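Since we're looking at a predicted model, the values are computed, not measured.
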Amino acid sequence: MKRDFLRISDLKKEEIYKIFDITKNFKKLKKEKKFTDHLKNLEIALLFYKPSTRTRISFELAIYELGGFPIYLSSQSTQISRGESLKDTAKVISRYVDGIIIRTYSQEELEEFAKYAEIPVINALTDLYHPVQILCDFFTIYEKKKILEDLKITYIGDGNNVCNSLIEGCDLLGIEIRVVCPLEYMPDERVIKNLRNKNVLKISSNPYEFIEDADIIYTDTWVSMGQDNEREKRLKIFQKYQVNEELLKKAKKDFLFMHCLPAHRGEEVTDEVIDGPNSIVYDQAENRLHCQKSLLAFLFSEPGSERKGEEWE
Ligand code: CP
Ligand code: NVA
């Protein structure tokens, strides 16, 4: 049976920890320039409807370093831009390659694509979720803090795709997540409604409320891809949610600042914070590679999945 990764809860908690163990190994191997053949003879397409620096590079490299072959497709350069249906595109791509990584707008369309595709589909960001980002971010937190479950994470800013996946992931792993957003831009209602454990999530619109005891302070852009026409309105509403030194005055000494990047310096975060001693944003970006390698190895060579019986470790 094909195994898709469309949202963070498509993995079980124990699978996530297993992926982290393998990630540590991939990170070590990378330093020694040693690559593996988990994706030997497998071709994986990347179909992107939106721009990308980190996700594209890290996935392309991950596939190459696992012995597979990546094919990058911008939707603009395919017949999708001339209206070819999702169903036909999914069916045809499935005849050529062994897996597909998609960055698009609508989560519903991604799910429809996955329904028609005969190969594993990985979500590389939709308007609703950014699960690979959050999976890799949990690895980075685990690497730095050595634990996950007793931490307190504060997300401040727009209740967007990154925030939705963070909430879903914290629910899955049992981590306390506090979300601070303006009333107009709260996380998606479906995400809140579907929480398994309602107690993991606290919500506020007071930017100072969850700073003092936070182990992690996370923010993201106020204007996500596809929202540029709302830019002016958003910038006004979000002003008091900027992560700056003033906001962080009472933060713990050892809190970690996180941002999925790209950052809009001077908007959601100041240079002092993102370049400061508590910031781990470049470690986050680096770990995208190591952790996505582990995810791919898991999805494509886990015993019982596409490559039955093969060891994925
Ligand atoms: N964080 C992230 O997904 O970055 P890119 O848009 O550059 O891929
Ligand atoms: N929320 C951002 C994340 C970019 C990686 C966006 O969707 O543009």
Is it the case that [X] and [Y] place a side-chain donor and acceptor less than 3.5 Å from each other?
X: Gln107; Y: Thr126; value: yes
X: Tyr129; Y: Glu168; value: yes
X: Gln76; Y: Ser74; value: no

So, the side chain of [X] versus the backbone of [Y]: is there a donor-acceptor pair under 3.5 Å, distance only?
X: Asp98; Y: Ile44; result: no
X: Glu267; Y: Thr221; result: no
X: Lys2; Y: Ile119; result: yes
X: Asn278; Y: Phe255; result: yes
X: Arg178; Y: Lys202; result: no
X: Ser165; Y: Val162; result: no
X: Asn161; Y: His130; result: no
X: Thr104; Y: Tyr49; result: no

Is the ring pair Tyr142/Phe20 parallel, tilted or perpendicular, if the boundaries are 30 and 60 degrees?
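It falls in the tilted class, 30° to 60°.
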
How about Phe238 and His264: are their ring centroids closer than 6.0 Å?
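Aromatic pair excluded; centres sit 6.0 Å or further apart.
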
May I ask you to decide whether Glu143 forms a salt bridge with Lys27, counting only side-chain N to carboxylate O separations under 4.0 Å?
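Between Lys27 and Glu143 there is a salt bridge, with a charged N closer than 4.0 Å to a carboxylate O.
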
Specify the closest pair of heavy atoms between Ser58 and Leu289, including all atoms of both residues, with the distance to one decimal.
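Reported closest heavy-atom pair: O-CD1, 3.5 Å.
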
